[in-house]
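Here the structure comes first, spelled out in structure tokens, and everything after it is commentary.
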Amino acid sequence: MLEISDLVCGYGQVAALRGISLSVGEGQLVALVGANGAGKSTTLRTISGLVPARAGSIRLQGDDVTRAGPQKMLKLGVAHCPEGRRVFPHMSVSENLAMGAYLRASDAGLKADYERIYTSFPRLAERRHQMAGTLSGGEQQMLAIGRALMSRPRLVLFDEPSLGLAPNIVEQMFAIIGSIRDAGTTVLLVEQNAFAALELCDYAYLLEAGRIVMSGKGADLIDDPHVRAAYLGS
Amino acid sequence: MSTTSSSAILNVEHVGMKFGGLTAIADLHFDVQEGEILSLIGPNGAGKTTAFNIMTGFLKPTQGRVLFRGRDLSQTRPNEIARLGLARTFQRTSVFADDTVRDNVLIGLHRFGDDTRAAALLDRLFPTPAARRAENAVRERADAIIDMVGLTARAGDKAGSLSYGEQRLVGFALALAVEPKMLLLDEPVSGMNASETQGFVRLIRKVRDEGVTILLVEHDMPMVMEVSDRIVCLNYGRLIAEGPPEAIRTDPKVIEAYLGKSAAKLEQREVAHA
Amino acid sequence: MTRFIAPLFLVVFALLPLGLTDPYLLNALIITGILTICAMSLNLLLGFTGQLSLGHVAFFGIGAYVSALTALGFDVSLPFGLRVTHEGGAPLLGFLLAILITGLAGYLIGRLSFRVRGAYFVIVTISFAEVVRLVALNWVELTQGPLALTAIPNMVLPVPGLGDMALRSKMQNYYLVLAVAVASYLLIARLVASRFGRAMRGLKENESLALSLGINATRTLTVAATISAAMAGAAGSLYAHYIRIIDPDVFLFSYTVTMVIMVVSGGKGTLAGPLVGGILFGLLPVALRPVMAPEAQWIVYGAILIAILFLMPRGIVPALEGLGERIAARRKAGDKPTDVMPAKMGANP
Amino acid sequence: MDQLLQHIFNALVLGGTYALLGIGLTLIFGIMNVVNFTHGALYTFGGYAMYLAAVALGLNFFVALPVALVAGLLVGAFIEFTLLRPLRRSDIDTTMLVMIGAGIIMQSGTLWIFGGVAKAVPTPFPAQPLTFGPVSLSYVNLFVLCAAVALIAITYFTINGTKLGRAMRATFQDHDTASLMGVNVSLIYTATFAIGSALASAAGALLGPVYVVTPQMGDLAAVKAFAIVILGGLGSISGATIGGFILAFAEELGAGYISSGYRDAMGFLIIIAVLLVKPTGLFARAERIG
Amino acid sequence: ADTIKIGVNEPLTGAFAASGTYVVNGAKIAADEINAKGGILGKKVELVIEDNKSNPTEAASVAEKLITSDKVPVLMGAWGSSLTLATMPKLEEYSVPMLVETSSSGKITTSGNPFIFRISPPSSVEAEAFEPSVKKLGLKKVDFLVINNDWGRGAAADFSKMLKANGVEVGLVETMDQSAQDMSAQLAKLKASDADTIMVTSAVDQLTLLFKQMAALGLKKRIITTGGSQNPDQIIAQAGAAADGTMHLTTFLPWWPEKTPNPEATAYFLSEWKKRGFDFAGATESFRGYDGIRTVAAAIAAGGGTDPASIQKGFWKVDFKGLNGPIKFNKSGPAGKESGQSKPNVYIIEISGGKVNQVQLGG
Ligand SMILES: Nc1ncnc2c1ncn2[C@@H]1O[C@H](COP(=O)(O)OP(=O)(O)OP(=O)(O)O)[C@@H](O)[C@H]1O
Ligand SMILES: Nc1ncnc2c1ncn2[C@@H]1O[C@H](COP(=O)(O)OP(=O)(O)OP(=O)(O)O)[C@@H](O)[C@H]1O
Ligand SMILES: [Mg+2]
Ligand SMILES: [Mg+2]
């Protein structure tokens, strides 16, 4: 579904990605792991069009979308749940969710989608009218996840969705990701909780200093001694 | 629950906090002993960050009070609390984004070698030799702190251009620059992977060994269980459990409200470690 | 590279009058110098603490009035049958009082308005300036209101061994302004380099983080506001004794706008910025005057302002600094090619 | 008593116009975070647009009004497109200065084109006032009040009740994330500035006929608009509306019963007083730390 | 030099741009007329016109520039009183005389500046001229509404003094900011007062607004404006019926050139004004620029030299008929350093039925 080849990009004079290639198959859950500053977030930002690519290409279902820009990507069904929550602070929880559904052409099924998110995260239901900026860190993270799902994407890019979530909510979150994958949505997942991500994914890439250094089935990476030492802490 | 004991560095006494109709903290009561690593855990929205905000003077509790080394903090402003030796980090990344990492730490060290002599004012206004010496000392100290958190390679980069995990380290370095007696860390390892977390644990231990008491808020349970001397668990702003890690891990109330199935995994890991 | 701007300016402007015979240009330089002092003082707030004062002219005006009234004397009756009379005294006393009283005003405004930040601070300062202007306009007994204070004496300086010297000539006034400007510059430069300067920077960028590091926001900002106000007050005093007549028009909002233009176009938060911006926008109207119609002068003035910001959004001095850095980086890269270039600030998403 | 009643009526009319000035600015300053020094110039522009449409082109008064409004919309879009767009990532002081430059150009341009002599715009309303006992109210003022209220209501609904309004708020809170939601951020920038400008222009077009049209008419209006916006809380339409009425009552009653010399000081004194009591402004946004 | 330079220091941009421009246009007519007749002392006059931006600091700088760079031996300016006051130290510094054409502040001629010669009336002169009419109009109690600057406050003070001396009660003194557009609060207060007459001092734009707002409030009292900056035709055009019944003290009667002290000159000035495509309404303001330059020319001729000192001496010898009466300077201010003040005629006109009528009450 998503095909990235030789992607290069950076900020100012900093090179963040030095030519990476990866592919995500339809309906797959692909994990991207790597150390702080490796360029994981940058990869996702480039796919969704927030950061322009300097070289290389991004193809979505065969079409070149390297310079499509965020709006176009969303129209093509790519949603990005950004790093660091990034909720709209002066809008209520429900308005934030409504922003997630901004591009949806029709309101059909909108109600059901709200309810689905509220049942997944009951805390959000409780706080429907609270300004998102005053939510606790974890509550904001739940909101960010819910918001990304509101567009009914075909491909979701999750950037550290477990960040700041309580252990029981983390589990729930992984369950949700598993279930949307099972429902046919493709997922590209960046996670520091590498163990959980590698367990859950169909395929994984390891990013170091802006280059892909390893890829394979999740289980294979878990067993790799380098990965164990550098990312799993054992 | 413990009452004010002589070795407690921080006493939280029946603190409550309401936002409009919402009770974020209800009658919170616990102590932190000098030199320990105490973790504060609890579900999202339980009131942990709010408790930090109260302890550091950013919020005034609607009820109760906090004592730091026996001193009531209710009328004390955040900057004064920092000067008393109680420093914190923030849950959301918080750095001086437009300055380099080194300048960040220098700002944090703005009181380094503080002295109230009248001559200090002169040093400020004229480039006396004493002023130059002080300036060199402060720069050395900054580099030492940066080295300690492992950011030496990025010391000259703008803090805002660092990756998320690196920015969290800058936040930690800033708190260290205050030379605190006690550190409040709000989710310090979020955004770090397991190996980076282990490095950070070593760092915390080192800081503690230098005599700094640590109160930790963190959702990374393996890390919490490993590093804590004692754990306090909150739910809906109330204390639901308090005790050593082993007790908390198996406490049914904590499992129900917070740990969920991960409790079982923690046990496995423990076994694997053993 | 930009380190040399200030010393260069000092040398050029110290020598300039020796080759300059046109009193009109000298007059323009004096007025520009006075406004540049104001700009430097505004920069202390806007550039280094990040607080925009759009009422800065209030301190300038208060300084002018205090100094003028000290020299001229006054006789006012207050409520409850009180009566205050002052005979009129030495202009130098007025200068010192102007600094003292505007500093005090700055302190009070700081105490009051630094309970709030950002936009709210802006409006408190505008409000303050407007209220002060209206007081100057309506308290006729003290200020003569719109009738203006006239016949303000020239500044008199005691010269050791020579007795008092009245600064009647332009040249004398020019060097007085230059001396005050140099003193202001040095004071700001030292402040900014000290830990007080670090505290200001911290507050400007992230206030709650700064607080958590023990930086006393209220005190730091109030001290900055006090010094800034006192400096503007000193400039006001110089103005009063040079122009020798003042009326409530010294509180015109357009003076504040001019100061802001000088600071931001030159580069706020840099030491040399207000100097460069001050000289440029102080002398630009003088340069435009002979070449075009009055309305066109303003249009060109506005267009030049916009053009500068389009080319150098952070101001002239930071742009020069950036240029210098890039040249240095290129030279270094030439020496030993490296893969990673030093980080440059990009937009932070 | 009669005098008080008259003051109250006056303040209501004045408050409506202040509120209209305030909401235009609250969009640009409060929501977009651009310190808009062209607001006064756009207000003046509205006055002259009305003059051109009604006097030079001879259009009907009620046709000329929307013409002026649309002209303001276009000028606003143009300013955003040419001046603000290239500086989108610059800081607030830089854009403020560019707006100062633009304001200077617009005002001097107006002076150059139209000269300094005031222009009057005739209205179709009867000159005789409506009288209720001791209180008089002119038809024009009544019309202006109604038009202002209608424009405020429409704006309020647009910002708080439509998808466009939501996208506007989202964009200026976090524009990268807004673009991830599929918002056409560039369009929103232009639209917001244009709508704010149209409101300023509408205020000028409505008040031009009540007063006279001069190149300086916007100066005082702009300062007051800033005060209103901040009194009411940044970015809040209802706050700006209430702020407008508070300012009007303060000025009217202050001038009536305290001193007309300090009339314009009243509003500012109120602001200082309010901030003393409530340092976050009347309608503060909830913020949190940590 | 083959020309005589006259510096003109007027507000061409900023708050007073309209008035300053009118004055300059009047001045140009005078200069062209003088040059067409061969100039003075055999030399043509050349106006050096500078904009003081309605800002006192600029006014002072402009004076400095005109004197030192352009080397003008004499100036005319600077419209507003604070603008004029700001230039005065410069005149002393360089010993160059200036003709003041518009400013009304008493201080200008009483502060001991011997380089000042004024043809516009300070409000005390106006009040004096109006005195005989007080009884005839039957004034009992008068309120004031004045612009909050030296001009308005000076008028309120001088007229109050004169009225009190004539047994007329003085009530409220309300002020308005020079840029204020909404005066309804002041008017509501004046409406509730028991005075029979309101004396108003302000410039034409604000007067227009006042009359409209008075009508809107149903305020019907006798209105008398002072200050000579009314442009009645502009008021009629812009305030319409609202201006009906208002009375105005003016110093020039362009409506009836034949009734003016110098009918031919008035007729010439008005025809030139029209020929150049200017608005008739501006004539009441611009005639001061015209008379001002003619006065300067007369001073040059009388002094017999083109240096500042001769011109200063010449001013004292000036005696000719301006558009509003004889121009001749009387001494004013502290002995030894007197300024010159000419005393123009003052007329009362009334607007009724959309027309200007002269009120013959004596005076
Ligand atoms: N806005 C920016 N300006 C300049 N450099 C940046 C910016 N954002 C990221 N970088 C740099 O790009 C590199 C990759 O950053 P990125 O955020 O993609 O890392 P990451 O893998 O997501 O790390 P983390 O796990 O800490 O989030 C880092 O070296 C970082 O310093
Ligand atoms: N300023 C505020 N206004 C309203 N509600 C608030 C405010 N600050 C916090 N809250 C609410 O109080 C509760 C406690 O928040 P707090 O940030 O302390 O939670 P937390 O325990 O730190 O959670 P997390 O683990 O998610 O960070 C949350 O439900 C939050 O929504
Ligand atoms: Mg990342
Ligand atoms: Mg928290």
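Any value given below was found using the heavy atoms of this structure, including those in side chains, with hydrogens, waters and symmetry copies removed. Numbered from 1 within each chain, the chains take letters A, B, ... in sequence-line order.
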Aromatic plane relationship, [Y] with [X] - under 30° parallel, 30 to 60° tilted, over 60° perpendicular:
X       : Y       : result
F211(E) : H248(E) : perpendicular
W273(E) : Y22(E)  : tilted
F226(D) : F29(D)  : perpendicular
F280(E) : W255(E) : perpendicular

Can you say whether [X] sits under 4.5 Å from chain E via the side chain, the backbone, both, or neither, judging by heavy atoms?
X       : answer
V13(D)  : neither
P134(D) : backbone
Q216(D) : side chain
L253(D) : neither
T17(D)  : neither
P209(D) : backbone

[X] portion near chain D, given a 4.5 angstrom heavy-atom threshold:
X       : result
A185(E) : both
N148(E) : side chain
F16(E)  : neither
S179(E) : both
L217(E) : both
M183(E) : backbone
L12(E)  : backbone

**Message:** Any non-hydrogen side-chain atom of T246(E) less than 4.5 Å from a side-chain atom of T225(E)?
**Reply:**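 In short, these two side chains do not touch, never coming nearer than 4.5 Å.
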
**Item:** Most contacts with chain D, counted as non-hydrogen pairs under 4.5 angstrom, among A237(E), A17(E), A188(E)
**Value:** A188(E)

**Request:** Kindly say whether the aromatic ring centers of F143(D) and F62(D) come within a distance under 6.0 Å.
**Result:**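 Ring centres of F62(D) and F143(D) closer than 6.0 Å.
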
**Message:** Centre-to-centre under 6.0 Å for F245(D) and Y18(D), is that the case here?
**Reply:**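 Judged by ring-centre distance (under 6.0 Å), F245(D) and Y18(D) do not meet the cut-off.
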
**Request:** Could you tell me which of S108(D), G115(D), P215(D), G116(D) has the largest number of non-hydrogen atom pairs under 4.5 Å with chain E?
**Result:** G116(D)

**Request:** Name the member of S259(D), A118(D), G261(D) that forms the most heavy-atom pairs with chain E at distances under 4.5 Å.
**Result:**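 Most heavy-atom pairs within the cutoff with chain E belong to A118(D).
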
**Complete:** Across all chains, not counting sequence neighbours, the salt bridge (Lys or Arg N to Asp or Glu O under 4.0 Å) partners of D51(E) are none

How about [X] and [Y]: does a side-chain donor come under 3.5 Å of a side-chain acceptor?
X       : Y       : answer
Q234(E) : D279(E) : no
N141(D) : S138(D) : yes
Y211(D) : D182(E) : yes

**Prompt:** From F45(D) CZ over to L42(D) CG, what is the distance, rounded to the nearest 0.5 angstrom?
**Reply:**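 So the gap between those two atoms works out to 7.5 Å.
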
**Prompt:** Taking atom CE of M99(D) and atom CE of M96(D), what is their separation to the nearest 0.5 Å?
**Reply:**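 Atom-to-atom, M99(D):CE and M96(D):CE are 11.5 Å apart.
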
**Request:** Select all residues of residues 152-161 of chain E having any heavy atom within less than 4.5 Å of some heavy atom of chain D, and report them by number, or 'none'.
**Result:**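 Under the 4.5 Å heavy-atom cut-off, nothing qualifies.
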
**Asked** Does S81(E) reach the main-chain N or O of S103(E) with its side chain, forming a donor-acceptor pair under 3.5 Å?
**Response** no

